[in-house]
Amino acid sequence: MPYGVFLFSNPTEMIPENNKPTTFFKFENLRIYFKAIDFADAIIALASNYNDNNQTVQHFFNKFVDNALCIVSSITDGSTGNKTQFINELQNTKKFIRSCVIYNTLALKREYIDETQEADIRNELMELTKMVGALISSLQKQENNPEGNDW
């Protein structure tokens with residue numbers, strides 16, 4: 001048996017499907033986290049198509065990827081705090097989404113992507129914006145709840 005096979009689980013302990021433990025990281029319970037991960041992954045894949053020697057293009061896509069990853073990071077960082085901190089971090093997330101809109105528009109203008117790709121990226125960014133807004137609204141409603149300030 002290869003070394004490390006049982007590093008993260010006990011092979012003799014079977015956990016029934018309906019008794020699986022909840023996730024350790026709170027943000028893994030959020031649909032928006034997975035949506036943001038998918039978006040960042042798509043931008044990384046797009047950037048990998050431009051592995052040429054043009055440093056300007058590489059720098060452009062590096063910044064686009066950085067902003068896409070900041071969307072995810074902002075969601076995960078905010079989820080570690082209380083509701084107020086999470087709301088503030090989600091508002092920061094909107095800033096990174098808007099930056100991605102700029103990179104998307106410039107990518108089309110520079111002909112790094114076609115109109116279909118631009119529309120697809122724009123639609124994903126609009127969906128993320130709506131999800132962030134809905135999560136902020138939900139947290140603000142809960143914030144008025146006297147049962148504590150932990151989301």
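In what follows, residues are counted from 1 in the order of the sequence shown.
- Atom-to-atom distance recorded for Ser74:OG and Ile97:CD1 is 9.0 Å, nearest 0.5 angstrom.
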Before giving the answer on side-chain contact (heavy atoms from CB on, under 4.5 Å), spell out for Phe25 and Thr76 the whole-Å C-alpha distance, their side-chain angles and the decisive distance to 0.1 Å.
CA-CA 9 Å; Phe25 300 103; Thr76 59; over 6 Å; no
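- A donor-acceptor pair under 3.5 Å links the side-chain atoms of Ser48 to the main chain of Ala45, judged by distance alone.
- Aromatic ring orientation, Phe60 versus Phe64: perpendicular (interplanar angle above 60°, classes split at 30° and 60°).
- In this structure, Ile37 CD1 and Ile32 CD1 are separated by 12.0 Å, a value rounded to the nearest 0.5 Å.
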Apply the test side-chain contact (heavy atoms from CB on, under 4.5 Å) to residues Val72 and Thr93: give CA-CA distance (whole Å), side-chain angles for both, the deciding distance (0.1 Å), then the verdict.
CA-CA 8 Å; Val72 180; Thr93 301; over 6 Å; no
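- Of the possible donor and acceptor atoms, none in the side chain of Ser138 sits under 3.5 Å from a partner among the backbone N and O of Ala134.
- By the criterion of side-chain heavy atoms lying less than 4.5 angstrom apart, applied directly or through intervening Ile, Leu, Val, Met, Phe, Trp or Tyr residues, Leu135 is not grouped with Met126; the two fall into different hydrophobic clusters.
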Starting from the C-alpha separation in whole Å, work towards a yes-or-no answer on side-chain contact (heavy atoms from CB on, under 4.5 Å) for Lys83 and Gln140.
CA-CA 8 Å; Lys83 289 177 191 171; Gln140 286 172 334; over 6 Å; no
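- The backbone N or O of Asn82 lies less than 3.5 Å from a partner atom in the side chain of Gln85, making a donor-acceptor pair.
- One hydrophobic cluster holds both Leu69 and Tyr50 under the rule that ILVMFWY side chains link at heavy-atom gaps under 4.5 Å.
- The two atoms that bring Ala68 and Cys100 nearest to each other are N-SG, 3.7 Å, heavy atoms only.
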Apply side-chain contact (heavy atoms from CB on, under 4.5 Å) to the pair Thr84 and Leu139, showing each step before the final yes or no.
CA-CA 8 Å; Thr84 302; Leu139 290 169; over 6 Å; no
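- The distance from the NZ atom of Lys94 to the CD1 atom of Ile71 is 13.0 Å, given to the nearest 0.5 Å.
- Expressed to the nearest 0.5 Å, how far OH of Tyr103 lies from NZ of Lys63 amounts to 5.0 Å.
- Gln117 CD to Arg122 CZ: the interatomic distance, rounded to the nearest 0.5 Å, is 14.0 Å.
- Using a distance-only test at 3.5 Å, with no hydrogens or angles considered, no donor-acceptor pair links the side chain of Asn104 to the main chain of Ile121.
- Counting heavy atoms from C-beta outward, Lys26 and Thr80 have side chains that stay 4.5 Å or more apart.
- Side chain of Glu89 to main chain of Phe86: no donor-acceptor pair is present (N/O by atom type, distance under 3.5 Å, no hydrogens or angles).
- Between the CG atom of Asn49 and the CD1 atom of Ile113 there is a distance of 11.5 Å, given to the nearest 0.5 Å.
- Of all the heavy atoms in Thr56 and Asn54, the pair that sits closest is N-OD1, 3.0 Å.
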